[in-house]
Protein chains: 2
Amino acid sequence: MSETLDTVFAALADPTRREILRMLLEDDMAVTDVAEPFEMSLAAISKHLVILTRAGLISQEKRGRVKWCKLEPDALRDASVWMQGFGQFEPVNLDAFERFLASEMPKQD
Amino acid sequence: MSETLDTVFAALADPTRREILRMLLEDDMAVTDVAEPFEMSLAAISKHLVILTRAGLISQEKRGRVKWCKLEPDALRDASVWMQGFGQFEPVNLDAFERFLASEMPKQD
DNA sequence: CCCATATTTAACCATCTGGTTGACGAACAT
DNA sequence: ATGTTCGTCAACCAGATGGTTAAATATGGG
């Protein structure tokens, strides 16, 4: 059903990949620049970027020789929604959903 | 840094474990009852429960022969906070919410 | 064309994962 | 005491994961 959650959560389960996402939060980056602060090969980083891309968490666009990596935070939405379902512990009934909705609605911007 | 995020996200990256959490949202359950709806061995479910326990997402308490599993939704807080750092995706829209609802419904076909 | 830069691919390796079956221990019931 | 139910443990397996190095594939610049 939601293979997306599988791949998103799996992608987030690695500290290197979370750090990459954090870096991309500041700005788009070329693959080489993403790799620079890590003490691992460029090939390893390239693999991590593939995993992040397949999870939809980043997108990559090639301009010339350089492939730019861009954060795609929308991909976190489903996962975030799933997790927030557990924030309202207690019942799983519609009341909880309504409270959830009510608490989210005003923040529409 | 936070090994916790590793284990929490890794625990969430499996559909069986997410379904177990969903079941526990309704009520505490014995291990055997957790395993019942799944088409896999009790031993396999037992392993999944260990992973969820180590991630802090559930707790287990033995009363007599029966080991009860209890959801610990607080463990999701750190992960949730981390994700909200990417909060460019503004809150939850109804579309996403409907998907959440659907995921909470008992499986059909 | 030749060379350097940017990135991926290929082959390999060690370890982790998710599943199996079967044996085991612990707690109850009769 | 014997057996049954509950759950874990041990050994095993196939496949995924995270890393390596070395070769290959663009692309851009003298």
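All chains are named by letter (A, B, ...) in the order of the sequence lines, taking the proteins before the strands, and each is independently numbered beginning at 1. All heavy atoms count here, side chains included; hydrogens, waters and symmetry mates do not. In this text the structure is predicted, and so the values were computed from the model without any measurement.
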I need the minimum non-hydrogen distance between [X] and [Y], along with the two atoms involved.
X	Y	result
A:D6	B:D14	OD1-C, 4.5 Å
A:V8	A:A79	CG1-CB, 4.0 Å
A:C69	A:L24	O-CD2, 3.5 Å

Quick one: do [X] and [Y] end up in the same hydrophobic cluster if we chain Ile, Leu, Val, Met, Phe, Trp and Tyr together by side-chain heavy atoms under 4.5 Å apart?
X	Y	answer
B:L25	B:F38	yes
B:M83	A:M23	yes
A:V31	A:M29	yes
A:I45	A:L12	yes
A:L21	A:W68	no

For DNA chain C, the residues among residues 58-66 of chain A that have a non-hydrogen atom under 4.0 Å from it: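 The stretch gives A:R65, A:V66 as the residues lying under 4.0 Å from the strand, ordered by number.
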Nearest whole Å is fine: how far is [N] [atom2] from [X] [atom1]?
X	N	atom1	atom2	result
B:I20	C:dG19	CD1	C1'	14 Å
A:R17	D:dA16	CZ	C1'	12 Å
B:R54	C:dC16	CZ	P	11 Å
A:K67	C:dT5	NZ	C1'	16 Å
A:L49	D:dG19	CG	P	12 Å
B:F9	C:dT17	CZ	C1'	19 Å
A:D14	D:dG18	CG	P	5 Å

Residue met sooner reading DNA chain C from 5', once A:K47 and A:W68 are mapped to nucleotides: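 Taking each residue's closest nucleotide, the earlier one in sequence belongs to A:W68.
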Sugar-phosphate, base or nothing in reach of A:A10, heavy atoms under 4.0 Å: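 Touches nothing.
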Side-chain N,O (B:H48) to OP1/OP2 (C:dT17) below 4.0 Å: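 No, outside the criterion.
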OP1 or OP2 of D:dG7 under 4.0 Å from side-chain N/O of B:S46: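 B:S46 to D:dG7 OP1/OP2: no side-chain N or O under 4.0 Å.
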Donor-acceptor pairs are to be reported for all side-chain atoms of residues 46-61 of chain A against protein atoms at under 3.5 Å, with residues two or more places apart or in another chain.
{"from": "A:H48", "atom 1": "ND1", "to": "A:R17", "atom 2": "NH1", "distance (Å)": "3.1"}
{"from": "A:T53", "atom 1": "OG1", "to": "A:L49", "atom 2": "O", "distance (Å)": "2.7"}
{"from": "A:T53", "atom 1": "OG1", "to": "A:Q60", "atom 2": "OE1", "distance (Å)": "3.2"}
{"from": "A:S59", "atom 1": "OG", "to": "A:E72", "atom 2": "OE2", "distance (Å)": "2.8"}
{"from": "A:E61", "atom 1": "OE1", "to": "A:R63", "atom 2": "NH1", "distance (Å)": "3.1"}

Interface with DNA chain D, restricted to residues 31-42 of chain A and to heavy atoms under 4.0 Å: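 Contacting residues: A:M40, A:S41.
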